[in-house]
**Student:** 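Below: one structure in C-alpha cells.
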Amino acid sequence: MATLKFLSFLILQLFLIANNCESVEVGFYKKTCPNVEAIVKETTKHYISSAPTVVAPLLRMHFHDCFVRGCDGSVLLNSTKGNKAEKDAIPNQNLRGFQVIDAAKSALEKECPGIINGPTWAVPLGRRDGRVSILSEASKNLPTPFDNFTTLKTTFGALGLNVKDLVVLSGGHTIGMSHCFSFSSRLYNFTGKGDMDPNMDQNYINHLKIKCKPGDVTTIVEMDPGSFKSFDIDYYSMVSKRRGSFTSDATLLTNTQTKDYVLSQLNPHGSTFFKDFGESVVKMGQIGVLNGNAGEIRKHCAFRN
C-alpha cells in the first residue's frame with residue numbers, strides 16, 4: 001500500500017494542470033474533479049501489480065522533469081522534425097514508465113475532460129504543462145552519477161534546493177537498477193590509469209566486477225542490493241559502508257552535513273527519511289511551476305496541443 005501511494009503521488013505530481021489560477025494549492029481539484037486521486041491510484045495499482053519495478057523509473061522521471069524547465073511535464077513531449085526534445089537526451093533515453101502516465105491521463109480525461117492531476121501527501125496543485133522541450137537542456141541541467149559534491153550543490157542550489165534536499169533526494173536510489181556504465185570507471189579506470197576508486201569498498205568492487213565487465217553498456221544491477229524493490233533506508237547503510245554505486249553517492253560522505261545525515265538514518269527507529277523525502281519531493285515539485293495563462297493543458301502527454 002505504501003508503494004502504491006508513493007507511485008500515485010509521483011504520477012499526480014508530474015502532471016497537475018490548472019484553470020487560470022495564479023498559484024498552486026492543496027485540494028485544487030476537490031470541486032472540479034473530486035475522483036482524481038482514486039482514478040490515478042487504481043490505474044497505478046493495475047500496472048505495479050504486474051510490474052512492481054516501475055516505481056523507480058517513475059521517481060526518476062519526476063526528478064528529470066523538474067530539473068529541466070521546472071515541473072512542467074516537458075519530459076513527456078516527443079521530438080518533432082524541427083526539435084529534439086528532452087526525452088531523447090542521453091540521460092533520458094532509458095527512462096520508462098510512460099505507459100503508466102498515459103493510462104492515468106487517459107482515465108482522467110474520460111472522467112474530467114481537460115484536467116490533469118493531484119497528490120497523495122499534501123501537494124499544492126494547479127500547474128500547467130510546458131510547451132518547450134529541448135534535448136540540450138536535459139543534457140546540460142540534469143545531475144549525473146559522476147558529479148562530486150561541489151557540482152551537485154551548485155546544480156541543486158540553482159533550483160532552490162539545499163544540501164539537505166540533495167542528500168534526501170539521493171535516497172531515491174534505494175529503489176531501482178543502474179547500468180554498469182554509470183559506475184564502471186570506479187571499478188576499472190578511476191583516474192585514467194587502470195585503477196579503482198579508493199572511496200569504494202574493495203570487496204564490493206570485486207562483487208560488481210563479476211557482473212560488470214569492462215566496456216559493458218547493457219547489464220543492469222541493483223542500486224540497493226537485496227532491497228531494490230523496497231522504498232526504505234537501506235540506501236544510507238550502503239553509502240555508509242562505501243558501497244554506493246555512483247560517485248554522486250560516495251560524495252555524500254565528503255561533506256559534513258550530508259555525512260551526518262547519512263549516519264543519522266542508520267537506526268530505523270530514529271530515521272526521518274520518509275518524512276524528509278516527502279518534504280523534499282514536494283519542494284522539488286514546485287520548481288518552475290507554470291500557472292495562470294502560462295503553458296497549456298495538454299490532452300495527450302507526448303504532444304503539444
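What's counted below: heavy atoms across the whole structure, side chains too, no hydrogens, waters or symmetry copies.
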**Student:** Are Lys241 and Asp201 ion-paired here, with the side-chain N under 4.0 Å from a carboxylate O?
**Tutor:** no

**Student:** Whether the side chain of Asp195 engages the backbone of Thr191 through a donor-acceptor N/O pair (distance < 3.5 Å, no angle test) should be reported.
**Tutor:** yes

**Student:** Quick one: ring pair (Phe, Tyr, Trp, His ring centres under 6.0 Å) pairs with a partner in residues 79-111, sequence neighbours left out?
**Tutor:** none

**Student:** Give a yes or no on whether the backbone of Leu95 and the side-chain of Asn92 come within a donor-acceptor separation of less than 3.5 Å.
**Tutor:** no

**Student:** Identify whether the distance between the nearest side-chain nitrogen and carboxylate oxygen of Glu279 and Lys275 falls below 4.0 Å.
**Tutor:** yes

**Student:** Would the distance check show the side chain of Thr151 and the main-chain N or O of Asp147 forming a donor-acceptor pair, the cut-off being under 3.5 Å?
**Tutor:** no

**Student:** Is the Tyr236 to Tyr261 ring centre distance short of 6.0 Å?
**Tutor:** yes

**Student:** Is it true that a side-chain atom of Ser227 and a backbone atom of Asp224 form a donor plus acceptor pair closer than 3.5 Å?
**Tutor:** no

**Student:** Would you say the side-chain atoms of Arg186 pair up with the backbone N or O of Ile205, donor to acceptor, closer than 3.5 Å?
**Tutor:** no

**Student:** Around Lys153, counting heavy atoms of other residues, nucleotides and ligands shown, do more than 12 lie under 6.0 Å from its NZ?
**Tutor:** no

**Student:** Does Asp216 use its side chain to pair, donor to acceptor, with the backbone of Cys180 at less than 3.5 Å?
**Tutor:** no

**Student:** Looking at every heavy atom in both Glu86 and Ser133, which two are closest together, and how far apart are they?
**Tutor:** N-OG, 2.9 Å

**Student:** Checking the side chain of Ser79 only, and the main-chain atoms of Ala85 only, is there a donor and an acceptor separated by less than 3.5 Å?
**Tutor:** yes

**Student:** Counting distance only, does the side-chain N/O of Arg242 pair as donor-acceptor with the main-chain N or O of Pro198 below 3.5 Å?
**Tutor:** yes

**Student:** Is the His173 ring parallel, tilted or perpendicular to the Phe246 ring (thresholds 30°, 60°)?
**Tutor:** perpendicular

**Student:** Heavy-atom count around Leu266 CG within 6.0 Å, excluding the residue itself: above 12?
**Tutor:** yes

**Student:** Between Asp72 and Arg128, is the closest basic N to carboxylate O distance under 4.0 Å?
**Tutor:** no

**Student:** Which heavy-atom pair separates Gly172 from Phe277 by the least distance, and what is that distance?
**Tutor:** N-CE1, 3.9 Å

**Student:** Do you know which two heavy atoms are closest between Val68 and Ser74, and how far apart they sit?
**Tutor:** O-OG, 3.7 Å

**Student:** Ignoring hydrogens and geometry, is there a side-chain-to-backbone donor-acceptor pair from Ser106 to Asp102 under 3.5 Å?
**Tutor:** no

**Student:** Classify the angle between the aromatic ring planes of Phe63 and Phe156 as parallel (below 30°), tilted (30 to 60°) or perpendicular (above 60°).
**Tutor:** tilted

**Student:** Determine whether a donor-acceptor pair (N or O, by modelled atom type, separation under 3.5 Å) exists between the side chain of Lys213 and the backbone of Lys209.
**Tutor:** yes

